[in-house]
Amino acid sequence: MKTALKIEGMSCEHCVKHVKEALEGIGGVKSAKVNLKKNSAEVNHNGEVTQAMMEAAVAEAGYQVVA
């Protein structure tokens, strides 16, 4: 499965690294591609990973998923 997320608060490549590591730290996430210019992430994961799990990981890293 692939899920697209819109992320607020990223301003540099360091931010991108934090978000990528946070998302890839979730069990069941295969990969995460984070784009600073688009303030977005595309997460490749299995069906056990929920939107809430991804939002919580991004929030714990210090950023916010927006609708």
Side-chain angles (χ1 to χ4, degrees):
M1 297 181 73
K2 287 188 179 177
T3 301
L5 303 173
K6 183 85 173 155
I7 300 172
E8 255 184 17
M10 296 189 301
S11 60
C12 64
E13 288 301 319
H14 185 72
C15 298
V16 169
K17 182 180 177 197
H18 271 270
V19 171
K20 179 176 172 62
E21 289 175 351
L23 289 167
E24 289 181 345
I26 300 169
V29 170
K30 298 169 187 163
S31 66
K33 293 180 184 175
V34 182
N35 187 310
L36 178 60
K37 288 183 181 179
K38 294 181 180 179
N39 289 319
S40 66
E42 182 178 274
V43 185
N44 185 5
H45 58 89
N46 67 26
E48 296 175 14
V49 177
T50 66
Q51 179 84 17
M53 291 166 71
M54 292 182 276
E55 289 179 11
V58 170
E60 193 170 304
Y63 308 93
Q64 182 179 4
V65 175
V66 293

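Counting heavy atoms from C-beta outward, Met54 and Thr3 have side chains that approach closer than 4.5 Å. For the pair Ile26/His45, no side-chain contact is recorded, criterion being any heavy-atom separation below 4.5 Å from C-beta on.
Judged by distance alone, with hydrogens and angles left aside, the side-chain atoms of Lys33 form no donor-acceptor pair with the main-chain N or O of Ser40 at under 3.5 Å. Counting only distance, with no hydrogens or angles, the side chain of Lys20 and the backbone of Ala32 share a donor-acceptor pair below 3.5 Å.
In terms of heavy-atom proximity, Glu8 sits nearest to Tyr63 at O-CB, 3.5 Å. Closest approach of Ala22 and Ala61 over heavy atoms only: CB-CB, 3.9 Å. Nearest approach of Val58 to Gln64, heavy atoms of both residues: CG1-N, 3.9 Å.
Under a hydrophobic clustering in which Ile, Leu, Val, Met, Phe, Trp and Tyr are joined whenever their side-chain heavy atoms come within less than 4.5 Å, directly or via other members, Met1 and Met53 fall into different clusters.
Here the options are Val34, Val49, Leu5, the test is side-chain contact (heavy atoms from CB on, under 4.5 Å), and the partner is Val43; only Leu5 passes.
For the atom pair NZ of Lys30 and CG of Leu23, the computed distance is 15.0 Å after rounding to the nearest 0.5 Å. Rounded to the nearest 0.5 angstrom, Leu36 CG and Met10 CE are separated by 5.5 Å.
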